[in-house]
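The chain is numbered in sequence order, starting from 1. What you see below is based on every heavy atom in this structure, not just the backbone, and it leaves out hydrogens, waters and symmetry mates.
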Amino acid sequence: MEYQEIRLASYGPNPERDGFKAPMYTLALPAEWEMPIRRLYHHGMTTQQAERRKRIPTKRVNHLMRAVAPDLISVDDSVTFGAEQPWLYAGSPYPTRIVNSFAAAWLRSLQRNPEDPESADLLHKTFRLLDTGGLTWQTTIVDLLEQTPSPSGTALPADHLYRLLPDILAARIADLPPYEHNGRTLQFRQIAGDARAGGAELMSWPPLTYESKNKDDDGTKTWYYSAYIRLSLRTVPFSPIPRIYLSTGIRRFVRGQVWMPTEGGVSVYLLPDESLIPNGPTPQRFSVAMIEWNRGTTDWRQGGPQGMLLSVSALDQLPSVDRLVKEADHWIDGRDGMAVAVSHHAAMGYHAIGAGLMPSERRRLTEWAEQALAPDFLPIPLLTRSKYSKPAKTQLKNRLSIPKKEISEEDLAAIYAKNEAIDARNAGLRRKHLAEALDGLPFVAVVLHQADATRSRIIQAAERSLDLSSHRVEQGPDTWTWRTEEIEIRIHALPIGDLAAPLGDDKPPAKGQEHDQQITSRRGAVEKFTKEFKAKVPGAQVAFVELDGKERFAKAKRRADPKHAIRLGLADAGLVSQFIRPLDQDMEPEEAESDAVFRAEAAWHDGLRQTGMRFVPLHSLGEAIPENLNQLAFWLVKRRSDSPTNAAQFTPIAVLIRPGQKCIMGKTADMTEWVPYPQLLRSLTGQIGKAELKSAAQQSAATAAFVKKTLSAMRGTPTLVLVRAQNIRYRWPWLRNSDLVQDRISFDNGPLQRIGLIGKQLRLIRIADSQRDESAEWWAPAELRDEKYKGKQRGGIAKGLWTSQDSDHVFYSTADKASTHPLSTDTAKLTPHVNDKGRSEFKPTKNAWNPELLELTVACMQQGDEPEKWAMFVHQQRLCDDYRDVLGLPLVLHLAKLADQYALPQEEVEIADADTGELADEQLALDFGLTNGERSPES
C-alpha cells in the first residue's frame, strides 16, 4: 500500500494566537553618521565605482562579532542608518564600550588604501565627526510576524526577520531538556548566526565519538561529530503565510592535521569559558571564527598584525593556529579554558562518519525540536497524494525478480528465459533510439584506458546494454565493431598514457599562470592526439576516459587534476567525454570488481546520453497535455574566476525536447539555430566571460533578451518552459517569490504582461529544490500505513506528486529511495536504535540519503488548464526509463544542469620553454578603543 500523505518539517504561525512579539534590545547607527561614513567608504573610488557600491558592507565586522561576540545578532551584511533600522539586536544590552571598538575596527576596514596619507586623514576626521553617545541600546517590542503582501498575495516578511525570527526560536530549542532516545541524550547549544546566510543553527555538544581500527590493526582512531538543527524563514508562492523550515543533519570535525584550501577558509567552532574580549560578557553560544591560507601561511581571518581581532584585543585569547592545523582535535574536549572544533569538509578527504540522517532519526530529532516552536508556530497540515496518481507509461520493461523462497528448477529457468527476452527487447529499443538520435550515422566511441580490464568492462557494458554479442563483426585488439539492423557501433581502444598523468608531474602547479600553462599544454596535447587518431578512424563522437578519481587529487593536489584539461582537449577535437575511475585497490577484490562493473555500465549509459539519445517519459494524462508539446528549459551556465580553469563564464543556454525530434537540442545566445545536444556541450568549453557581461545589469539584460527571442520563435507551438529558481532568478528577478504574479510574466524588471501576449500556447513552471533549505525536509509517517508503528516515530520514503491546502498552483514532487543507498530508513547515527527484529541499526559510518522535496510552482497557464495535471506531467518527467532512479530534476532541466560540466572557460596562454593596514595606536577624539549582498534567498 502506498503512503497517501507526507509530513513536512515546515511550520506556520498559529492562527489562534494574537501575533508573536518579543522584547529585544536594539542598537542603531545614527542617521547623521551616514554621510561621513559614506565619504570614507567611497574615498579613492571613481564615480562609476561609487555608484555601483551604494550599500556600505558590514561583512568583515559581522565576521568579527560572530567570532568574539556570538550573542549579538546582526541582521544585514550592509549597513543601515537611523533608529528605524537597527544595526544590532540582543537579548540583553552588550557593553557599549566593546561595541565602539567593533565600530572603530569596521571603519578602518572601509579604507581602500590605509597607507594613503589622505585616506588616513579622512579616517581621523570621520572619527571626530561621530558622536559615540549615539551608540546606545534601546528596548523594543519586535513584531516577529511583521510582513506585507506581494501583488500576488505572497507573504513578504520584514527583512530583519530572516535572521531574527529563526534566532529567537533557536534559543527556545536550546532551552529544551536534552534530546533522548534509547538511553542516550544530546544537549544542543546555539551557534553564532551569519547575517549573510540568514537563519539560525544549533549543534549538539559535547561531540559524539566513534573509534575505528587502523588498517594494520595496530591501534584505533577517534572520530568526532555532532548533530545540527537549522531554522530558516521562508515563503511559498501565492501564500500569505510565512514558514519556518527546520532541517537536521551531521557536522563532522577534523581529527589530526587540517588541510587548508587556498581559496576560502575553514570554520572553527569555539566555546570559551570566558569572553575572548577583555571584560566582555561570557558567551552563551558557540563562536565561529575562520582560519585561512594566505601567502604561504595559515592565520585567523582578520588576525594579522593589522587585523580586527588584534584591534579588539581578542587575538591573544585564541589558540595557536600553527598548533591547531597540526592537531585539530587537541582542544575538542576542552583545554586551556576553551573547547575548539574544526569543521570537516568533503574536500578534505576521508572521514569515518557518514553524512546525513535517515528518515526515522530525522523525524525523532525534528519532533523533539518542534516542541519549542509551539504554541506560536505549528506544523503545516500533511500533504496529500495527487488525485492524478496513474503512473507514467514505461518504455523499457523491468526484469523479473528471483523469489527469495525456494522454487523449482523449471520455474527458475522460466524466469531466466523471460528475463533474457526482456533484456533483448530493451536493448532493441535502445539501439532504435540511438540510431534515431544519430540520424543514420554509426555510433563511434573511443576508450582511452589505463588498464586493459577497464577497456574490457566498457566493451561488456556495451554488449549487455545493446544486446550486441551476436552482432559482433570485429573483435580487437584495438577495434570492436557490431552491425545490427538499426545501427553500426564501433569502439576503438587506446592506452591513454601520459595524457592522464597529473599536471605538473611530481609537483602540483602553482595557482595562476603556472596552472594556466599546464592546462593549455595538456589541452593541446589531448587535442593533437585525438585529431591524429580521428584522421585514421573518423566519426568518433564520445570518449570514455579512465582517470583517477578526485580522491587522488584531493587537498593540495587538486590543481594537479588533469580532468578539465582533458575534457577541453577532447571538445576541441569534436568529442564529448565521460570519465571512469580505475579499479579501487582498497576494496576486497570481489567487491572491487563488482563496483568496477557497475561504474562501467553507468559510464556507458551516460556516454550514450551525451550523444543526445533519450527515453523521454511518456505521460499518462491524456488530452490534457498537447500532443505536440515542446519542453524548453532555460539555464544560466556560470563559473566564477576561482573555477577549475581560473576563469569566469556566464552563458545563458536553452535545452529543447521537441516532439518528433529524437535528438535533444540546445542553443546559446550566440547560435542562430538549434543544434544537437553534444554540439551544445562542446560549445561551452573554453568560453571566457565577455567584457559586456560583467555586471549584474548586463547579465540580466542578456538573459532577458535571450529568453524573449527564444520564446518569440516558438509562439506558434505549445511550449512548456521549466526553470530552476536557484539557478536563474538572480538574473530573472520576476521568478522571485516576491515578484511572481500568476499568469503574468516580466523580463529584466520590465512591466508585467499577460502570458497570452508572449504566447497563447505558452506555460511556465518554476522548480525550487532544497538548496539553502528552500524546500522543507519531509518524511512519510509510517503509522499512516501500518498501525503497529503508532507512537514509534518511524519515517518512510514515498514517491509521488503532493498537494497542499495552501495553494492550488504550488505542488510538491518526491522520489523513492535511490538504488545506490540501500540503508534502512531506521538507520541511526546519534543514539542507539534497534529495528523490529531486535537488530541494531546504529551505523554512524554509513552515508544517509533522503530524497529532496521539489516545489513546483505553476506560474503561468492558459485558460482552461488544470494546474495539477501540468504539475503531474512535470513530476512524470523525472521518471526516465533509461535511468536507474528518479531524476533530481525533470529530464529537460536535468540535461540543462549537466551542461555545467562543460563550463570550463580558459584563455590561451603562451607556453614557456622547458589585507589592508590600520592606523598606528593613538587617542582619538572619540574613544573607540583604538589605543591598543542578497540577505535572504526569497522575500
Report task. For the residue pair Tyr89 and His160, categorise the inter-ring angle as parallel (less than 30°), tilted (30 to 60°) or perpendicular (more than 60°). Result -> parallel
**Report entry** Pair Trp205 and Phe286, ring centroids less than 6.0 Å apart
**Finding:**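 Yes: the rings meet the under 6.0 Å criterion.
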Query raised in the report: What about Trp732 and Phe747, are their ring centers closer than 6.0 Å?
Result: yes
Would you say the side-chain atoms of [X] and [Y] include a donor-acceptor pair closer than 3.5 Å?
X	Y	value
Thr235	Asn737	yes
Asp773	Ser247	yes
Thr282	Gln284	no
Ser239	Asp806	yes

Query - Contacts of type salt bridge (Lys or Arg N to Asp or Glu O under 4.0 Å), residue Glu367, not counting sequence neighbours - result: Arg363
Query raised in the report: Taking only residues two or more places apart in sequence, or in another chain, which ones meet Arg251 in a salt bridge (Lys or Arg N to Asp or Glu O under 4.0 Å)?
Result: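 By the salt bridge (Lys or Arg N to Asp or Glu O under 4.0 Å) rule, Arg251 matches Glu201.
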Report summary line: To the nearest 0.5 Å, atom CG of Leu309 lies from atom CH2 of Trp300 at 8.5 Å
Query - Donor-acceptor under 3.5 Å (Trp106 side chain, Pro57 main chain) - result: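 Here the side-chain-to-backbone pair exists.
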Query raised in the report: Taking all atoms of both residues into account, what is the closest heavy-atom pair of Trp734 and Ser746, and its distance?
Result: CB-O, 3.5 Å
Query raised in the report: Passes salt bridge (charged side-chain N to carboxylate O under 4.0 Å, His left out), Glu774 versus Arg729? Steps please.
Result: CA-CA 13 Å; Glu774 291 189 44; Arg729 66 176 176 226; 2.8 Å; yes
